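Okay, structure first, notes after.
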Amino acid sequence: MSFPLLTATAALPAIGAIATAAVPAAQRVAAKWLALLVSLATLVLAAIVFVRFDPGGDRYQLTESHAWIKDFGVRYELGVDGIGVALVALTALLIPFVILAGWHDADPQETGNRRWRPTQGFFALILAVEAMVIISFEATDVFLFYIFFEAMLIPMYFLIGGFGDRAHEHGDDAAATQRSYAAVKFLLYNLVGGLIMLAAVIGLYVVAGNFSLQEIVQARASGSLHMATSTERWLFLGFFFAFAVKAPLWPLHTWLPNAMGEATAPVAVLITAVVDKVGTFAMLRFCLQLFPEASKWATPVILVLALISIIYGALLAVGQRDIKRLVAYASISHFGFIILGIFAMTSQGQSGATLYMVNHGISTAALMLVAGFLISRRGSRLIADYGGVQKVAPVLAGTFLIGGLATLSLPGLAPFVSEFLVLVGAFERYPAVGIVATFGIVLAALYTLVLYQRTMTGPVKAEVAEMPDLRVRELLVVAPLIALLIFLGVYPKPVTDIVNPAVQQTMSDVHKTDPKPEVEAAK
């Protein structure tokens, strides 16, 4: 039996979470280092998965399959295609930076209501989320995927509600109330989506007789499994609703600004750069593969919702007074681009959407973590409380600017390539949709540059006059992310070579080919 590499990649952070939680209360520093070392070891395993994956080989590689609940046809089945490999690598890459950035976020602090922050619990929960997200990207059994799709909500609930942002303009009691509200809203929205998906998962089992993604797709392709049109559409809607909540897609997005606003900056990165990617990934893996005809049937409505997300999210970002909520609404706009690329049903669009997931994760992590360092120095999330920071902390301001420019998809930085591919893919099949989506780029430039202008330029406010620049630990967090943004901006080939074959196979599943360019015949 070959070494179960995929299981090890998910099991290591899970074991690390248990070990970190078990560290004695007085050994807070040891718990931090243990969590960091576990995350780095997981990154090594994810790198091995990335290197061993053969883009020209089988669709699902490094597969594992074991009987689990025989009476219900549930199996422990893992396998990664190019899209899954890229997102496993992204997750494993970001977690060490999340841990380093949050190094002091859970240090014990006695507040007015005598609440304590258990350091071990904070880092253990981060590792638990990492384990559940990674196995979600690897699962090829629908029921196995569903379990971890839902289970990741529990550690995220405690990370949002129990370890909220200390930079809050309200008193301790008001801040705790808002954290609790944000955590409960996050949990309820996603639980409702998950319960609807559970009904669809059961319905899929009734129709197909098993939960194996590969077996169901092969049976549909061979004609041995037939779904009535109405059945396929209802099942598709059950799955898509849950994924749209997680993504988040307008109008199911309202939990995200609350959650990101009240969470610490590293946890906000965990939400939007890691956890939310499970929703868009699942649209590609499950919605399009299991329900190809229903996916095409729903495409017009989904494209409209994606366009609304792009424009609506960007417009609300322009009007924000809170730095973290601005990044949250910008992320809603970016997820609109990702979903637009998926349902444009072109190879360029889907390649761009997958690349966008990776690039958005890196760019949002860079911007939000630098914003977190800024907020921790001033003690406020309000844009109006800043001014002239670039004169007293030029390195902080410079990295903030690069993160912001990546968010608006400046050419030469990674998100530009993915956004360009999405728009090209949309133009190919739906020109009007592509034109409207382009306005999102203009709005992104507006909210990013206005944010930088108001916080970093102008006269130095007295409250930031003594603000220190980035420290060594913070530079270790930011510098690699900035380097990746530049590298993937000029050379995205390592990622596109991995994801393109999987995209072509997904296009084949939905029986779609790229539109042929209209070329006027020579006279």
Side-chain angles (χ1 to χ4, degrees), residues 6-7 9-18 20-21 35 38-39 42 46 76 78 80 84 87-95 98-99 102 121-163 182-198 201 239 241-248 252 255-256 258-260 262-264 266-283 285-286 331 335 357 361 364-365:
L6 296 186
T7 293
T9 307
L12 180 58
I15 295 169
I18 296 170
T20 301
V38 168
S39 68
T42 304
Y76 176 81
L78 303 181
V80 285
L87 293 175
V88 167
L90 172 69
T91 302
L93 173 70
L94 291 181
I95 296 302
V98 167
I99 290 173
F122 180 75
F123 292 102
L125 289 169
I126 290 175
L127 290 176
V129 172
E130 179 182 23
M132 293 175 186
V133 170
I134 286 176
I135 204 167
S136 296
F137 292 140
E138 298 173 344
T140 57
D141 182 278
V142 177
F143 192 79
L144 178 67
F145 169 83
Y146 173 77
I147 288 175
F148 289 99
F149 180 81
E150 287 292 273
M152 70 180 70
L153 301 179
I154 304 304
M156 285 307 307
Y157 168 80
F158 287 109
L159 283 170
I160 297 168
F163 301 92
V184 170
K185 189 173 183 179
F186 161 83
L187 187 63
L188 288 179
Y189 267 64
N190 285 275
L191 276 179
V192 169
L195 289 174
I196 292 174
M197 180 183 169
L198 178 59
V201 169
F239 277 75
F241 183 85
F243 303 151
V245 172
K246 184 85 78 180
L252 306 172
W255 62 268
L256 182 65
N258 295 102
M260 288 185 65
E262 299 304 322
T264 64
V267 172
V269 169
L270 199 61
I271 295 169
T272 190
V274 176
V275 172
D276 287 354
K277 298 299 187 299
V278 178
T280 47
F281 162 80
M283 292 178 189
R285 172 165 283 189
F286 296 103
S331 290
F335 275 103
M357 291 186 226
T364 298

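None of the values given here were measured: they were computed from a predicted structure. Hydrogens, waters and symmetry mates are skipped; everything else that's a heavy atom, side chains included, is used.
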Task: Worked check of side chain to side chain contact (heavy atoms under 4.5 Å, CB included) between Asp141 and Tyr76 - done: CA-CA 7 Å; Asp141 182 278; Tyr76 176 81; over 6 Å; no
Open item on the list: Set out, in order, the CA-CA distance, both residues' side-chain angles and the distance that settles side chain to side chain contact (heavy atoms under 4.5 Å, CB included) for Ile134 and Phe148, then state yes or no.
Closed with: CA-CA 9 Å; Ile134 286 176; Phe148 289 99; over 6 Å; no
Nearest 0.5 Å, what's the [atom1]-[atom2] distance between [X] and [Y]?
X	Y	atom1	atom2	value
Ser39	Leu93	OG	CG	10.5 Å
Leu125	Leu270	CG	CG	10.0 Å
Glu130	Ile135	CD	CD1	12.5 Å
Met156	Asn190	CE	CG	9.5 Å
Arg285	Thr280	CZ	OG1	12.5 Å
Trp255	Lys246	CH2	NZ	7.5 Å

Residue pair [X] / [Y]: nearest heavy atoms and the distance that separates them:
X	Y	value
Leu94	Gly361	CD1-O, 3.8 Å
Met357	Leu90	O-CD2, 3.6 Å
Ala46	Ala89	CB-CA, 4.4 Å
Ala139	Phe286	O-CZ, 4.1 Å
Ala263	Ala268	CB-N, 4.1 Å
Val278	Ser136	CG1-CB, 4.2 Å

Can you tell if the side chain of [X] reaches within under 4.5 Å of the side chain of [Y], non-hydrogen atoms only?
X	Y	value
Val142	Phe239	yes
Ile95	Thr42	no
Pro155	Met132	yes
Val275	Val133	yes

Open item on the list: Apply side chain to side chain contact (heavy atoms under 4.5 Å, CB included) to residues Phe137 and Val80 and explain how you reach the verdict.
Closed with: CA-CA 7 Å; Phe137 292 140; Val80 285; 6.0 Å; no
Open item on the list: Taking Thr272's backbone N and O only, do any of them form a donor-acceptor pair with Lys277's side chain (distance below 3.5 Å, no angle check)?
Closed with: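 Here the side-chain-to-backbone pair exists.
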Task: Tyr189 and its side chain to side chain contact (heavy atoms under 4.5 Å, CB included) partner, picked from Leu256, Asn258, Val245 - done: Val245
Open item on the list: Is it the case that the ring center of Tyr157 lies less than 6.0 angstrom away from the ring center of Phe186?
Closed with: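 Ring-ring flag for Phe186/Tyr157: false, centres at least 6.0 Å apart.
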- [ ] Using the side chain to side chain contact (heavy atoms under 4.5 Å, CB included) rule, take Ile271 and Asp276 through it: C-alpha gap first, then chi angles, then the decisive distance, then the call.
- [x] CA-CA 6 Å; Ile271 295 169; Asp276 287 354; 4.1 Å; yes
Task: For Thr364, all residues meeting side-chain hydrogen bond (donor to acceptor under 3.5 Å, both in side chains), sequence neighbours excluded - done: His360
Open item on the list: Applying ring-ring contact (aromatic ring centres under 6.0 Å, His included), can you list everything that pairs with Phe241, at least two apart in sequence or on another chain?
Closed with: none
Task: Identified ring pair (Phe, Tyr, Trp, His ring centres under 6.0 Å) partner of Phe243 from the options Phe149, Phe335, Phe281 - done: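 The residue from Phe149, Phe335, Phe281 that satisfies ring pair (Phe, Tyr, Trp, His ring centres under 6.0 Å) with Phe243 turns out to be Phe149.
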- [ ] Kindly check if the number of other-residue, nucleotide or ligand heavy atoms within 6.0 Å of CZ (Phe158) is above 12?
- [x]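 No.
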